[in-house]
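These notes concern the structure reproduced below.
Counting starts at 1 for both ligands and their atoms, following the listed order.
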Amino acid sequence: MVKRLWVILLVVWMLLPGLVYASEELIKMSQDEKQWVMPARDYANTRFSPLKQITTENVKNLRAAWTFSTGVLRGHEGAPLVIGDTMYVHTAFPNHVYALDLTKEGAPIKWKYTPTQDPAVIPVACCDVVNRGLAYGHGMIFLNTLDATTVALDAKTGKEIWRVQQGDFKKGMTITGAPLVIKNVVISGISGGEFGVRGFVTANDVATGRQVWRAYSAGPDSDVLIGPDFVAPYPDHQGKDLGVTTWQGDEWKRGGGTTWGWYSYDPELDLLYYSTGNPGTWNPDQRPGDNKWSMTIFARNPDTGMAKWAYQMTPHDAWDYDGVNENILADLKIGDKTVKALMHFDRNGFGYTIDRTNGKLIVAKPYGPVNWAKGIDLNTGRPIEDPAKRTSSKGNTKDICPAAIGFKDQQPAAYSPQTGLVYVPTNNICMDYEGVEVKYSEGQPYVGAIVRMYPGPGGHRGALIAWDPTKGEKVWEIKENLAAYGGALVTAGDVVFYGTMEGWLKAVNAKTGEVLWKFKTPSGIIGNPMTYVGPDGKQYVAVLSGVGGWAGIGIAAGIGAEDPTAGLGALGAFGDVDKATTLGGVLTVFSLPD
Ligand code: CA
């Protein structure tokens, strides 16, 4: 018996280094330009590919090589992964996962996995039943399902290895965000900011699914995982239990701050970065105070979850400016200094360049026509608000820019170290907003506002912009009639790819913004283009089309445009999407002719 125990201990000890070094394995894989091994291609969330077979000269010859229908009609966000010779494609609810064999003509299905989920979860998702993609690590594919479950699959066979429920959808908790593997944990967030969910991020052991840590976005420091290592970059971020004391009573318990965005990791600093969403409810009068730590960028130790720093972008939010957008990591030359920077384009309309070692602001400038704040005070970190644009339940506040859906929502930007520019797909939408008194009821919507959105100045509803993060300046832009609601990809061939809600995939010169090529995919694009090298040695570009998401909720959920406040206000701005495109998830894969 004792002998057997020793053998088990010996085997566990031998397995441990494999787990600990797994992020090095992933870093190595992400440096292999042929593959796309994590949601944003690299831990830094750049969505930059070193591939350069496709160039500004030859991109005009790009043509569809093969297509794949996902069999699902709702909105398709995110991008597939390519691990070795296999492509992994995810879908909106019911969250199918397909493994496609890239070695065979037409990329036939190797395996398909469909989780068992109660369809009663469908109406619990505020803004379409989207999913933003998969994670890979340790020979496993990780999937977050809409019913708030994390699943580990054998990447070779699709066989389920473990599953862990992160939350109860009957209490308003869902998951739409993509997971991320760091060392021996898989990181997952939670959605439900419109259902009074108290947001959190969870790290589960990759081998067993066991919960290693969970960090809440509100509550006492012991829940938020703030300890002696925490650095507060600004005075109003200092103090004990701010996740309780910046709320009234026990409102923090249904305080939102959900975590449905993207995750980044700096292996050198050993810090995980992500940000939190709106405080609940949308009616600000019901929750006086700064409402920490909603609307906050967190830097955490991925092994323990302990916070290193936090920065709240929109204290006491009154506009649903979810702060969950991606954090792009790059070392930037600013003046004569090289700065370890984090770049973040917030729904509140400001593009931030932050010192990622300590959370201090370097640049914070509007990347669209912002009017709720005149700027961000770099000394205090606080927005300089226009009181006339602060919303309340005492009346309807009109002409606020940007709208709740932001100058940018889920659609992730891309950063090129070659041009030094960030390529940001944006919305150009403004709104009227009226707070409404709402009572919390478990599992029921806890919105508390009537919002009407409409096109912003100029009448176009989106643009792709190129942004200099060292100065906070727009370099060029391409206006779009509908929003540029899909993500961006930039390559070493100096080509930027992005999608539109009409379904165009466009290729643009990264330096000049000249449109070089476009292709009309079968449905509106809200997914993110990606690129890889196939077994034949050729560079491919792939994108999921399949309209939906918050901007496309009208067409996705079959809501008519008669009421401009429907779809949490989205129908006012996007009531005509059904004239431009139709539903249906299709992956289109492009290459140059032989
Ligand atoms: Ca929200």
Side-chain angles (χ1 to χ4, degrees), residues 75 77 123-130 132 146 148 167 171-177 189-201 217-218 251-252 254-262 274-284 286-287 291-297 312-326 344-349 372 391 400 402-411 427 429 431 433-436 438 440 444-453 483 485 526 548-553 557 565-574:
E77 295 181 356
V124 186
C126 84
C127 312
D128 201 4
V129 292
V130 296
R132 298 188 188 84
L146 191 67
K171 294 181 177 168
M173 297 178 203
T174 52
I175 307 185
T176 55
I190 198 86
S191 308
E194 279 60 56
F195 285 77
V197 167
R198 177 167 64 126
F200 54 79
V201 164
S217 308
E251 279 153 6
W252 57 270
R254 45 195 177 276
T258 53
T259 51
W260 52 274
W262 307 93
Y274 70 94
S275 19
T276 68
N278 62 285
T281 142
W282 286 15
N283 176 11
Q286 270 177 262
R287 44 169 175 78
N291 309 137
K292 285 185 167 54
W293 298 91
S294 66
M295 310 303 217
T296 296
I297 300 175
Q312 188 183 39
M313 293 161 286
T314 315
H316 190 41
D317 166 70
W319 309 272
D320 183 42
Y321 289 150
D322 274 47
V324 302
N325 287 351
E326 73 285 358
H344 173 93
F345 296 84
D346 202 69
R347 286 232 308 246
N348 73 11
W372 71 277
T391 72
I400 306 165
I405 202 165
F407 287 141
K408 194 177 88 58
D409 185 23
Q410 52 79 26
Q411 65 265 49
N427 316 318
I429 307 292
M431 68 175 170
Y433 189 115
E434 184 174 8
V436 177
V438 62
Y440 177 74
Q444 297 302 310
Y446 188 56
V447 178
I450 299 166
V451 174
R452 184 175 75 91
M453 298 190 204
Y485 204 63
I526 61 168
W550 190 6
I553 189 66
T565 69
L568 299 173
L571 267 294
F574 296 107

Handout entry: Pair Asp346-Tyr321, side-chain donor/acceptor within less than 3.5 Å
Key = no
Practice task
State, without any angle test, whether Trp550 and Gln410 hold a side-chain donor-acceptor pair at a distance under 3.5 Å.
Solution key: no
Problem - Parallel, tilted or perpendicular: ring planes of Phe574 versus Tyr485, cut at 30 and 60 degrees - result: tilted
Exercise for the section: Please determine, by modelled atom types, if Arg198 and Ser217 share a side-chain donor-acceptor pair under 3.5 angstrom. Expected result: no
Handout entry: At the Ca ion (ligand 1): angle between Asp322 atom OD1 and Asp320 atom OD1, to 10 degrees
Key = 70°
Practice task
Look at the N, O or S atoms of Asn278, main chain and side chain alike, and state whether any lies under 3.0 Å from the Ca ion (ligand 1).
Solution key: yes
Exercise for the section: Identify, by name, the N, O or S atom of Glu194 lying closest to the Ca ion (ligand 1). Expected result: OE2
